[in-house]
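One structure is given below, encoded as structure tokens.
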2 protein chains.
Amino acid sequence: MNIGDIARITKLPAKTIRYYEDIGLVNPARDDNAYRRFNDSDVHKLGFIGRARSLGFTIEDCRALLALYEDKDRASADVKQIAQHHLALIDVKIAELKAMRTALGHLSESCAGDHRPDCPILEGLSVSSQTKSG
Amino acid sequence: MNIGDIARITKLPAKTIRYYEDIGLVNPARDDNAYRRFNDSDVHKLGFIGRARSLGFTIEDCRALLALYEDKDRASADVKQIAQHHLALIDVKIAELKAMRTALGHLSESCAGDHRPDCPILEGLSVSSQTKSG
DNA sequence: ATAGGGGTTCCTGTAACTGGAAGGTCAAGA
DNA sequence: TCTTGACCTTCCAGTTACAGGAACCCCTAT
């Protein structure tokens with residue numbers, strides 16, 4: 001199967017699949033015309049990577065997870081450690097975004113959003129609010 | 001004041017301040033020795049940018065917000081529109097991260113995380129779960 | 001003179017691709 | 001046979017918002 005077929009199956013852009021080959025995540029065979037030829041194992045690998053990426057794992061995480069997947073003697077603890085670390089990062093990001101959301105939400109709510117120039121959002125951005133201690 | 005002083009005041013790295021000058025967000029004067037010389041207006045601008053960045057606004061958003069700040073005839077609606085758009089992006093990101101968190105949380109919970117090789121996390125990544133329709 | 005702690009520019013690298021140019025390949029149709 | 005169109009190839013540049021580091025200049029104190 002050619003790259004276009006694989007793109008349809010895995011729902012990864014062909015560009016992305018070429019990139020994954022570039023960085024050594026997959027290693028499809030080549031036909032005489034230099035076209036990449038993918039087998040079932042390649043498809044499975046790319047699916048695996050796609051799903052890991054959609055869970056937010058970095059490319060290097062994906063590489064590590066793939067290696068663990070292919071090591072039938074791995075300890076599940078090794079996999080879980082990667083997952084837990086990633087979960088912690090996700091939690092941090094969620095917390096940061098929620099803090100932004102709250103702060104900006106307050107500013108935005110207090111802004112009339114009309115034709116007048118008075119704008120609490122700009123005022124809020126223009127002063128260093130030192131609500132904490134003094 | 002030199003760049004180091006401004007870095008301390010605004011809590012932005014000197015590298016970042018130079019970068020902001022590169023892309024035209026600020027335009028400090030220069031001394032004879034080529035050192036950047038910042039005035040109060042520069043400091044205020046950088047503080048403004050820093051606070052906007054900490055709320056997650058992109059650099060281009062910051063540029064637009066600064067322009068609006070300096071346009072005393074702006075309509076607050078223009079500012080609010082940028083803020084609301086950004087809030088919507090934040091909400092999308094939070095939702096995405098929460099979905100990841102949930103999915104990965106389930107996988108991770110079901111993994112023993114011990115010396116044995118059996119790992120629901122890897123199994124989950126290796127199959128395309130088609131829970132939705134058929 | 002020297003040491004240190006500033007400052008300067010310029011180049012490279014980051015993450016994970018995406019877009020586009022220039023060109024080869026293949027199957028179908030006139 | 002020629003052409004059209006959809007494939008495929010490689011390679012280079014751009015994205016975001018900086019950070020790291022090299023090579024070098026400036027200033028002050030000792």
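Chain naming here is simple, since letters A, B, ... match the order of the sequence lines and numbering starts at 1 in each. Given the structure is predicted, the values throughout are model-derived calculations rather than measurements. Because only heavy atoms are used, hydrogens play no part in the values below, and waters and symmetry mates are left out as well, while side chains stay in.
Scored by the side-chain contact (heavy atoms from CB on, under 4.5 Å) test, A:Ile9 finds A:Met1, A:Val43 as partners (sequence neighbours excluded). Here B:Glu21 pairs with B:Arg30, B:Arg36 under the salt bridge (Lys or Arg N to Asp or Glu O under 4.0 Å) rule; sequence neighbours left out. For A:Glu70, there are no side chain to side chain donor-acceptor pair (under 3.5 Å) partners two or more places apart in sequence or in a different chain. Qualifying ring-ring contact (aromatic ring centres under 6.0 Å, His included) partners for B:Phe48, counting only residues two or more places apart in sequence or in other chains: B:Tyr69.
At least one donor-acceptor pair under 3.5 Å links the side chain of B:Ser126 to the backbone N or O of B:Glu123. Of the possible polar contacts, none joining the B:Asn2 side chain to the B:Gly4 backbone as a donor-acceptor pair under 3.5 Å is found.
The two atoms that bring A:Leu97 and B:Ile90 nearest to each other are O-CG2, 3.7 Å, heavy atoms only.
Atom-to-atom, CZ of A:Phe38 to C1' of D:dC7 comes out at 14 Å; the value is rounded to the nearest Å. Taking atom CZ of A:Arg18 as the reference point, atom C1' of D:dA13 lies 17 Å away to the nearest angstrom. Going from atom CD1 of A:Ile3 over to atom P of C:dT18 covers 12 Å, rounded to whole Å. Atom CZ in B:Arg37 sits about 16 Å away from atom C1' in D:dC26, given to the nearest Å. We find that CZ of A:Arg8 is positioned 13 Å from P of D:dA6, with the value rounded to whole Å. Following rounding to the nearest Å, A:Asp32 (CG) and C:dG24 (C1') show an atom-to-atom distance of 14 Å. A:Glu21 places its CD atom 13 Å from the C1' atom of D:dC8, with the value rounded to the nearest Å. As rounded to whole Å, 12 Å separates atom C1' of D:dT9 from atom CG of A:Asp22.
The side-chain hydrogen bond (donor to acceptor under 3.5 Å, both in side chains) pairs that include a residue from residues 6-17 of chain B are B:Asp5-B:Arg8, where partners are two or more places apart or lie in different chains. The side-chain hydrogen bond (donor to acceptor under 3.5 Å, both in side chains) contacts involving residues 37-58 of chain B comprise B:Asp31-B:Arg37, B:Thr58-B:Asp61, where partners must be two or more places apart or lie in separate chains. Every pair passing side-chain hydrogen bond (donor to acceptor under 3.5 Å, both in side chains) that includes a residue from residues 86-105 of chain B is listed here, sequence neighbours excluded: A:Asp91-B:Arg101, A:Arg101-B:Asp91.
Neither OP1 nor OP2 of D:dC7 sits under 4.0 Å from any side-chain N or O of A:Arg36. Residue A:Arg30 places at least one side-chain N or O closer than 4.0 Å to OP1 or OP2 of D:dT10.
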Using a cut-off of under 3.5 Å, enumerate the N/O to N/O pairs linking the protein to nucleotides 25-27 of chain C.
from, atom 1, to, atom 2, distance (Å)
C:dT25, O4', A:Tyr35, OH, 3.3
C:dC26, OP1, A:Asn33, ND2, 3.1

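A heavy atom closer than 4.0 Å to some atom of DNA chain C occurs in no member of residues 82-92 of chain A.
In the helix from C:dA1-D:dT30 to C:dA30-D:dT1, the terminal helix axes, each the rotation mapping four pairs' C1' atoms onto the next four within five end pairs, subtend 40°, rounded to 10°.
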Ignoring hydrogens and angles, write down the donor-acceptor pairs under 3.5 Å from the side chains of residues 113-120 of chain B, residues two or more places apart or on other chains.
from, atom 1, to, atom 2, distance (Å)
B:Asp114, OD1, A:Ser76, OG, 3.3
B:Asp114, OD1, B:Arg116, N, 2.9
B:Asp114, OD2, B:Arg116, NE, 2.8
B:Asp114, OD2, B:Arg116, NH2, 2.7

How does each nucleotide of nucleotides 14-22 of chain D score, in 5' to 3' order, for protein heavy atoms under 4.0 Å: base (B), sugar-phosphate only (S), or none (-)? ---BBSBB-
